[in-house]
Amino acid sequence: MADLFTGPHTITADIVKEHGLSESEYEVILDRLEREPNLTELGIFSVMWSEHCSYKSSRRHLGKFLTTSDRVIQGPGENAGVIDIDDGDAIIFKMESHNHPSYIEPYQGAATGVGGIMRDVFTMGARPIALMNALRFGAPDHPKTKSLVSGVVAGIGGYGNCVGVPTVGGETNFHPGYNGNILVNAMCVGLARTDNVFYSAARGVGNPIFYVGSKTGRDGIHGATMASAEFDDDSEEKRPTVQVGDPFTEKLLIEACLELMATDAIIAIQDMGAAGLTSSSIEMADKGGVGIELDLDDVPQREEGMTAYEMMLSESQERMLMVIQPGKEQLAFDVFEKWGLDVAEIGRTTDTGRLVLNHGKEVVCDIPIAPLADDAPNYDRPHTPTEKRDILQAHDVAAPQDQNEALLKVMTDPDMTSKRWIWEQYDRHVMADTVDSSQSGGDAAIIRIHGSDGPTNKAVAITTDCTPRYCYADPVEGGRQVVAETWRNLTCVGADPIAITDCLNFGNPERPDIMGQFVGCIDGMNEACRAFDYPVVSGNVSLYNETNGVAIPPTPAVGGVGLISDLAHVKTLKGMRPGETLMLIGA
Amino acid sequence: MIARVYVGLKPGVLDPQGRTIAHSLNDLGFDEVQDAKQGKVIELTLSGDDREAAEARVKEMCETLLANTVIESYRIELDD
Amino acid sequence: MIARVYVGLKPGVLDPQGRTIAHSLNDLGFDEVQDAKQGKVIELTLSGDDREAAEARVKEMCETLLANTVIESYRIELDD
Amino acid sequence: MTTAVIVFPASNCDRDAAMALKAATGKAPRMIWHKDTSIPDDVRFVVVPGGFSYGDYLRSGAIAANSPIMRDLKRKADGGLAVAGICNGFQILTEAGMLPGALMRNMNQKFVCRVSRLRLANAETRFTRLYDAKNEIDIPVAHHDGNYFADDETLKRIEDNGQVVFRYSDNPNGSRNDIAGVVNKAGNVLGMMPHPERAIDSLHGGTDGKLFFQSILGSL
Ligand SMILES: Nc1ncnc2c1ncn2[C@@H]1O[C@H](COP(=O)(O)OP(=O)(O)O)[C@@H](O)[C@H]1O
């Protein structure tokens with residue numbers, strides 16, 4: 001078996017296909033390598049060029065977004081976006097989807113989604129201060145809905161509560177269009193100092209590379225690939241593709257990383273998300289324009305006999321990769337050991353521009369890094385605009401016969417009913433800075449900024465929004481509306497909206513009508529962003545959300561963040577009293 | 001009739017609880033502990049006395065509720 | 001050597017988890033379920049091969065950490 | 001006055017507790033790492049904070065209860081040192097045998113985070129002496145394992161001794177006798193599931209937790 005992973009052998013068309021690579025993509029690999037890849041190398045190309053990592057269907061459209069303003073410190077392109085909120089404080093935030101894993105195993109899928117988005121944020125030097133979640137389930141009476149809702153909610157709470165970051169808001173909708181494909185989008189907001197933000201670009205030659213966190217196991221390795229028996233000696237038990245989260249280790253990672261970040265020991269840092277060791281090492285090398293050499297024997301491993309292929313593609317959770325300042329190795333070891341984390345020096349930066357992997361005294365991978373990023377597929381998928389429909393005029397709709405019944409119908413709609421059952425399972429107050437959260441039913445959550453000397457008089461407002469039915473009816477208008485809604489929600493609580501993150505959930509991009517929805521929504525969102533000077537600083541795309549050829553409603557979830565400079569000017573729904581005047585403002 | 005269902009994580013699935021228990025036993029001076037795994041036992045009291053039928057039913061209970069077969073495996077034992 | 005520690009609630013201690021399981025099984029149509037109790041199994045991999053010594057040590061682990069004897073009782077099984 | 005907060009891995013409410021102590025005493029508390037072996041002699045009051053020490057793995061509070069620092073905490077508490085365990089801290093103190101009973105999984109199996117209305121079952125303890133026994137107070141709860149259990153005999157004993165300090169008006173977790181907080185026999189060690197440290201700033205909604213800290217600190 002070993003030579004399948006290392007030695008000379010033929011990569012068959014089937015193997016290429018199982019790795020989700022097209023023939024033409026494989027041609028590019030052959031051309032860049034000037035030889036056949038071995039299986040490990042093929043695996044690395046396949047994950048780097050997957051939709052998930054390369055954004056091959058969406059990249060050219062995401063490029064249109066407004067991404068700068070005088071408050072943006074870092075826009076899209078890093079683990080999360082960074083904005084300036086004055087006084088040397090920065091807010092770092094991002095939203096991400098974990099749809100498919102949450103459908104397969106709701107508790108763990110949702111939990112690891114929360115864990116992943118938190119890592120994106122603390123990787124950049126921020127202490128996570130708030131979590132939000134945007135959830136979309138199928139019809140309430142669909143047989144799977146009940147257990148999906150309870151599993152997802154328990155998973156989000158189970159992870160966030162344990163790590164000790166408040167989950168302060170979100171949204172939950174029900175629609176038959178999500179019966180076979182729920183959406184679990186999680187957002188994390190963190191607080192850092194503007195002069196202590198960390199990036200992923202590796203620098204220097206010969207600098208040590210550290211691995212920290214949980215050991216690597218065979219978690220989530222390529223469903224398709226692993227199913228084929230030829231890679232798998234002991235396949236009596238089909239390996240689960242679902243990862244189990246370990247929020248306790250995540251909490252230790254946060255504390256340990258922030259402690260080390262307070263020194264000058266870290267040159268670059270990157271969490272291991274999807275395609276863990278592969279994407280983290282390649283992103284660090286590519287951004288820094290250096291090469292990387294890893295000794296896989298030194299990678300902390302949870303199971304015996306792991307191959308290079310398995311280690312590079314493992315999606316084990318709660319792991320980080322960092323380039324350490326030479327001479328600071330001991331300091332790093334001390335901090336991580338204090339927090340009881342597995343830590344190992346597993347390689348070094350080089351000046352070759354190549355990714356070299358050593359395993360068992362052999363070189364098992366030696367490929368140039370630039371093509372992995374530069375030559376990643378970038379498709380201009382055909383897209384047909386969604387047909388305009390006639391506007392539904394109020395006078396075309398019959399007035400309700402019975403006002404009480406109409407009101408009851410609205411109030412008992414699953415989208416309108418109280419979500420208390422959900423948010424009571426989330427710790428909304430830990431960290432003692434929650435000014436307003438789900439509980440009050442307000443438009444945005446409000447979190448006080450906690451400086452190094454204690455609480456300040458400043459706060460951030462956070463909201464997530466999306467109305468998929470508008471996007472379905474008219475993607476451009478729906479896209480505008482999503483962004484505008486977050487803007488209104490932030491404004492309503494007294495905040496100045498600053499920037500957004502997004503999570504673009506759509507169906508199969510290879511279908512022109514779906515691609516049309518995608519492009520339409522982006523165009524609409526972008527128009528609104530430009531109109532408000534309200535840039536996109538981070539985000540995530542989730543495509544192929546379909547079951548049996550039926551796509552989910554187009555769901556570009558947006559998370560907005562605004563600044564409240566003086567807590568005295570906060571406005572919430574709390575404290576209303578009988579006899580007060582209600583006013584309706586606007587169109 | 002009593003049925004006992006043992007539910008444990010499938011091999012290869014991360015067991016954070018087990019790992020933490022092993023560490024903590026080591027910290028307490030139990031150096032001989034090399035590894036720990038945590039599982040569940042569910043003891044069911046059942047009416048009826050047809051063992052074979054009971055076994056089939058309990059299997060069905062495991063598949064629908066008692067075990068999360070995506071990550072867990074189970075084993076059934078019957079007593080009288 | 002493998003030691004298996006079974007930890008369960010003492011009689012008389014209400015078992016909310018067990019109760020919920022029994023209810024849910026009834027709801028799912030498993031009417032034969034009269035009662036359910038949930039316990040833990042902790043499987044320890046131990047170095048050394050002196051069974052008697054191991055048993056004494058595992059007992060100590062239970063008393064110190066693995067069981068809360070205010071509400072739980074335990075039982076130890078040793079394999080080779 | 002010098003106070004202290006014990007910090008275990010994943011004691012998430014250590015900062016919250018420290019803020020409350022600082023607000024009450026004007027002085028930041030000492031943060032004591034779980035691996036330390038002694039509590040400094042100048043410390044007059046110790047908070048074992050809420051959170052998820054060791055991820056709540058095995059049983060909530062069980063692993064923390066065996067930490068090195070706990071031996072000295074027990075010794076000093078036996079000598080009269082004032083100690084309050086909040087939420088996970090309460091679980092740790094029961095696991096350590098410093099308080100009677102145990103905290104089990106909430107009756108409905110779910111984590112619960114809400115403001116809970118409490119009745120003062122005993123307004124004469126050192127921790128509650130500034131409260132008016134007639135009043136009810138609003139303090140947030142946030143826990144998964146807050147279902148207080150003690151066997152009949154223990155329950156009778158602590159009830160007879162006046163060791164039950166707080167009761168829920170709207171029992172959120174199935175606790176026997178609606179118990180939300182208890183003290184030891186000597187009255188210097190208290191455990192409670194609700195979080196008084198989350199009710200000291202009107203920004204968060206309520207300030208009913210203030211008198212808790214003022215009561216105990218004023219009695220030292
Ligand atoms: N819909 C989007 N809008 C704006 N930026 C996006 C969007 N999707 C992805 N990005 C940006 O592309 C980069 C790569 O995203 P992703 O692969 O999700 O990050 P990670 O490396 O954490 O997995 C990130 O900087 C992200 O902010």
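Fair warning: this is a prediction, and the values are worked out from it, not measured in the lab. Chain letters run A, B, ... following the sequence lines, proteins first and then strands; every chain starts at 1.
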(Q) Using side chain to side chain contact (heavy atoms under 4.5 Å, CB included), reason through B:R19 and A:D246 one step at a time and then give a plain yes or no. (A) CA-CA 10 Å; B:R19 212 191 61 140; A:D246 180 1; 4.2 Å; yes

Q) So, B:D15 and A:R302, do they make that salt bridge, N to O below 4.0 Å? A)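 No salt bridge links B:D15 with A:R302.
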
**Q.** Heavy-atom pair with the smallest gap, counting every atom of A:G245 and B:P16
**A.**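 Minimum heavy-atom separation between A:G245 and B:P16: O-CG, 3.8 Å.
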
(Q) For a quick test of reading the model, state the closest non-hydrogen atom pair linking B:G12 to A:D219 and the distance between them. (A)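 Closest heavy-atom pair between B:G12 and A:D219: O-OD1, 4.2 Å.
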
Q | Flag if over 12 foreign heavy atoms under 6.0 Å of NZ, A:K338 | A |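 For A:K338, atom NZ is crowded (more than 12 foreign heavy atoms under 6.0 Å).
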
Q. Counting only heavy atoms not in A:H142, do more than 12 sit closer than 6.0 Å to its NE2 atom?
A.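 Atom NE2 in A:H142 is crowded, with more than 12 foreign heavy atoms closer than 6.0 Å.
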
Q: Name the region of A:Q108, side chain, backbone, both or neither, that has any atom closer than 4.5 Å to a heavy atom of chain B.
A: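 Contact with chain B: side chain only.
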
Q. Heavy-atom distance under 4.5 Å to chain B: side chain of A:S316, backbone, both or neither?
A.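 The answer is neither part of A:S316.
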
**Q.** Side chain to side chain, B:L14 and A:Q243, heavy atoms closer than 4.5 Å
**A.**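 They are not in contact (no side-chain heavy atoms under 4.5 Å apart), so the answer is no.
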
